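This report refers to the structure that appears directly beneath it.
Here the structure is a predicted model, which means the values were calculated and not measured.
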Amino acid sequence: MDGGGGGMGQGTSQNKWTPGYDGVRVSVVRASDHAVVTTPIDLTNKSIPGSVYHFGKVSKLQYSGGAGLSPAQGGYSYTNPSQALPRIVSSSGNSSIAAIKSYFTDEQVVRSIAGLTGMDFDVLTNGEYRLLIEPVAYYTFQGVFIATTATEAALYDEMLGGGLRRKMVSLSHKNLPLALFLETADLGFPAWGGSRSTAASNGDIKSSLGLGIVRFNDMPPQIPAVTDCDYEYRTDTEVITAVWVSGGQSDPDHPVSVTFHIAGSSYTVSSVYYPEGESQLAWVRWRTPREPQVMTITVDVQGGGSASKGTIRANIVDLDANPPPDPNADDRNDGFTSVPVPAKGQATSSSWGVWRPWWKAHWVWHSDYNELGEDEGYWCDHGWWEFDFDRYSASLSASMAITPDGKSPTAGGRILKSGYGIQERVDTHVSTSQPSAVTAAQNAVTYFPEFGYEGYWRLLERMGGGYDMGHEFKENPYSTYHRRTHFTPIWYPDGSYTAHTWLIDCWTPAGMLSMDLTDSVTVSGNLWSDWHIAPQNPD
């Protein structure tokens with residue numbers, strides 16, 4: 001964790017914050033898949049009135065995954081910890097980050113958090129989990145007392161078209177988000193390298209600010225070198241690449257455009273508008289090459305402003321290059337032990353927005369008196385640009401079904417003998433309020449229990465197109481009739497046989513949507529029992 005901040009400025013009775021009215025939201029997160037495994041809890045030293053407005057108990061990770069704001073009045077739950085919190089949000093930017101770190105790594109505090117979240121202390125601290133800490137502020141806005149995390153304040157400001165920032169910028173966009181941020185990237189959030197004393201944009205707050213992470217091991221898992229790239233895409237797939245643009249104000253009188261240079265082609269996004277102090281996503285939709293490679297994408301901004309990245313590295317991978325081997329090589333594996341189905345991680349919804357400028361007319365009479373004293377003046381519009389924020393979203397749903405191969409001679413219903421084939425069907429549905437900015441769910445990769453859900457996999461074939469695309473096994477070269485099958489091992493033990501499919505590559509400006517899917521059939525008996533050896537001729 002680290003912290004920053006600056007002066008608060010002046011408030012009014014309708015829009016004010018009293019120093020000390022702060023706290024934290026604590027979420028327990030599984031490090032392997034970034035899943036929030038308990039209901040987040042809020043801790044504060046203050047007594048919060050029951051009439052407070054709030055947005056429920058939602059973590060930054062859940063908002064990053066596409067969760068929306070759900071305002072409510074009353075019913076807000078919080079805990080006054082027995083060991084008082086240190087100052088979290090400072091009116092002068094001088095909260096002690098050392099004191100905050102010390103507090104959340106104190107064993108008694110962690111034991112208390114374990115009890116409040118319902119986690120066993122030894123499980124919480126075994127290295128498989130993290131504590132996600134978010135600063136919370138309690139303040140009056142437009143005469144109403146509300147509670148928000150930094151991320152909620154940014155999302156709320158977007159809903160209001162910048163209304164919160166205009167009244168509460170020193171709190172909502174500076175001292176609250178800068179109260180905590182990361183020095184070391186973890187849980188998919190980057191280390192913050194921007195200003196520690198100036199108001200941040202909503203985009204920066206949502207992506208990088210207003211969080212600290214407590215680990216119970218020495219360092220985050222080492223990141224493979226391939227993730228030095230900004231994006232990982234699949235071959236021959238329609239994708240979306242996006243950057244944040246900010247700096248000054250962009251309006252029709254002073255427009256900004258962004259050009260992406262990709263594989264010898266240039267794609268220009270014109271009329272990228274945003275108000276002073278804010279930012280705007282700019283994105284391009286394109287298709288990746290058929291061959292795996294690492295690509296460098298450059299981004300130019302014209303007309304003022306700057307992009308969050310001037311150079312983007314994209315790793316293009318081929319998932320069709322590691323199918324299971326010929327099942328004829330199967331032999332008994334009496335030492336086989338099943339493993340739990342892993343979670344690749346999923347995000348089933350996302351949201352983004354576009355600033356839309358509109359002219360606020362302000363007519364002023366300019367007098368011009370003639371020799372007779374008559375005013376021959378004229379009206380002049382001294383107006384200015386205002387901005388509305390148009391919100392868009394996308395969601396992904398899907399179903400997966402595996403069944404015994406229809407040509408399996410001994411299968412019945414959902415029961416088959418090991419050594420025979422299974423077939424699979426994945427049906428997807430994507431819904432969005434901005435179709436031009438969202439792709440279909442284009443790739444599905446299935447992993448199998450006999451390989452411990454790693455080592456080998458099968459990239460499914462796209463069946464049809466559009467937002468209701470289906471996926472099935474490709475024709476199996478080891479099948480006599482090249483059916484769309486996967487053969488279970490001859491030695492697979494009786495019981496449940498569960499396949500795991502990761503549905504990916506539904507791209508939006510706010511990132512990729514994906515789903516973990518599983519389905520099972522029952523194995524009973526094996527192919528050995530169907531093999532018969534002919535009697536030998538004694539001669």
Side-chain angles (χ1 to χ4, degrees), residues 5-18 91-92 139-146 153-177 194-195 197-205 244-259 268-282 300-307 352-392:
M8 284 301 298
Q10 301 299 317
T12 68
S13 61
Q14 294 294 299
N15 305 285
K16 64 181 181 179
W17 175 70
T18 302
S91 61
S92 59
Y139 53 99
T140 300
F141 173 59
Q142 295 181 335
V144 173
F145 194 59
I146 65 174
L155 292 169
Y156 189 36
D157 183 61
E158 289 181 344
M159 288 181 63
L160 299 176
L164 179 61
R165 184 187 184 96
R166 284 193 290 270
K167 298 294 186 181
M168 302 290 293
V169 61
S170 294
L171 173 67
S172 62
H173 287 70
K174 185 164 58 176
N175 286 288
L176 176 58
S195 172
S197 59
T198 58
S201 69
N202 288 329
D204 283 341
I205 294 171
W244 286 99
V245 183
S246 60
Q249 175 168 300
S250 174
D251 55 47
D253 290 332
H254 305 90
V256 166
S257 62
V258 180
T259 300
T268 298
V269 185
S270 301
S271 304
V272 180
Y273 298 134
Y274 52 88
E276 178 77 30
E278 285 297 344
S279 58
Q280 174 63 59
L281 273 175
D300 295 329
V301 179
Q302 301 83 34
S306 60
W352 61 97
V354 175
W355 289 105
R356 176 170 50 83
W358 57 276
W359 184 255
K360 174 73 172 180
H362 179 62
W363 291 97
V364 177
W365 176 260
H366 290 258
S367 295
D368 183 12
Y369 293 94
N370 60 23
E371 295 176 352
L372 301 176
E374 299 169 330
D375 189 351
E376 296 180 340
Y378 59 93
W379 288 98
C380 183
D381 186 358
H382 287 250
W384 57 87
W385 290 103
E386 294 278 1
F387 292 82
D388 289 332
F389 191 73
D390 296 334
R391 298 185 64 85
Y392 301 97

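Taking every heavy atom of both residues into account, Val169 and Ala199 meet most closely at CG2-CB, 3.7 Å. The shortest non-hydrogen separation linking Asp375 to Asp368 is OD1-N, 2.9 Å. Here the shortest heavy-atom pairing between Asp157 and Gly163 reads OD1-N, 3.4 Å. Across Val272 and Ser250, no two heavy atoms sit closer than the pair O-OG, 2.6 Å. The two residues Ala153 and Leu176 come nearest to each other via the heavy atoms CB-CD2, 4.4 Å. Scanning all heavy atoms of the two residues, the minimum distance from Tyr273 to Phe387 falls at CB-CE2, 4.2 Å.
Of the possible polar contacts, one joining the Asn15 side chain to the Gln142 backbone as a donor-acceptor pair under 3.5 Å is found. Side chain of Asp388 to main chain of Arg356: no donor-acceptor pair is present (N/O by atom type, distance under 3.5 Å, no hydrogens or angles). Checked by atom type and distance alone, the side chain of Gln280 pairs as donor or acceptor with a backbone atom of Trp355 at under 3.5 Å. The backbone N or O of Gly377 lies less than 3.5 Å from no partner atom in the side chain of Tyr369, so there is not a single donor-acceptor pair.
Within the 4.5 Å cutoff, the side chain of Asp253 has heavy atoms near those of the Trp359 side chain. Counting heavy atoms from C-beta outward, Trp379 and Val364 have side chains that stay 4.5 Å or more apart. When side chains are defined from C-beta on, Asp204 does not count as touching Trp244, because their heavy atoms never get closer than 4.5 Å. Residues Arg391 and Glu158 have side chains in contact (heavy-atom distance under 4.5 Å, counting atoms from C-beta outward). Residues Pro357 and Pro252 meet the side-chain proximity criterion, which asks for heavy atoms closer than 4.5 Å. With contacts defined as side-chain heavy-atom distances shorter than 4.5 Å, the pair Gln14/Thr140 does not qualify.
Atom CG of Asp251 and atom OH of Tyr274 lie 10.0 Å apart (nearest 0.5 Å). Remark: Tyr378 OH to Trp363 CH2 distance equals 11.5 Å, nearest 0.5 Å. Note that the NE2 atom of His362 and the CG atom of Asp381 stand 9.0 Å from one another [nearest 0.5 Å]. Expressed to the nearest 0.5 Å, how far CG of Leu160 lies from CZ of Arg165 amounts to 13.5 Å. To the nearest 0.5 angstrom, Gln249 atom CD is 10.5 Å from Glu278 atom CD. With rounding to the nearest 0.5 angstrom, the CG atom of Leu164 is 11.0 Å from the CG atom of Leu155.
With sequence neighbours left out, the side-chain hydrogen bond (donor to acceptor under 3.5 Å, both in side chains) criterion links Ser279 to Ser201. Applying the side-chain contact (heavy atoms from CB on, under 4.5 Å) rule to Glu386 yields the partners Trp358, Lys360, Trp384; only residues at least two apart in sequence or on another chain are considered.
With hydrogens and angles left out, the side-chain atoms of Thr259 and Thr268 include a donor and acceptor closer than 3.5 Å.
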Test Asn202 against His173 for side-chain contact (heavy atoms from CB on, under 4.5 Å), laying out the working first.
-> CA-CA 8 Å; Asn202 288 329; His173 287 70; 2.7 Å; yes
Evaluate side-chain contact (heavy atoms from CB on, under 4.5 Å) for Tyr156 paired with Phe141, printing each intermediate quantity in order.
-> CA-CA 12 Å; Tyr156 189 36; Phe141 173 59; 4.0 Å; yes
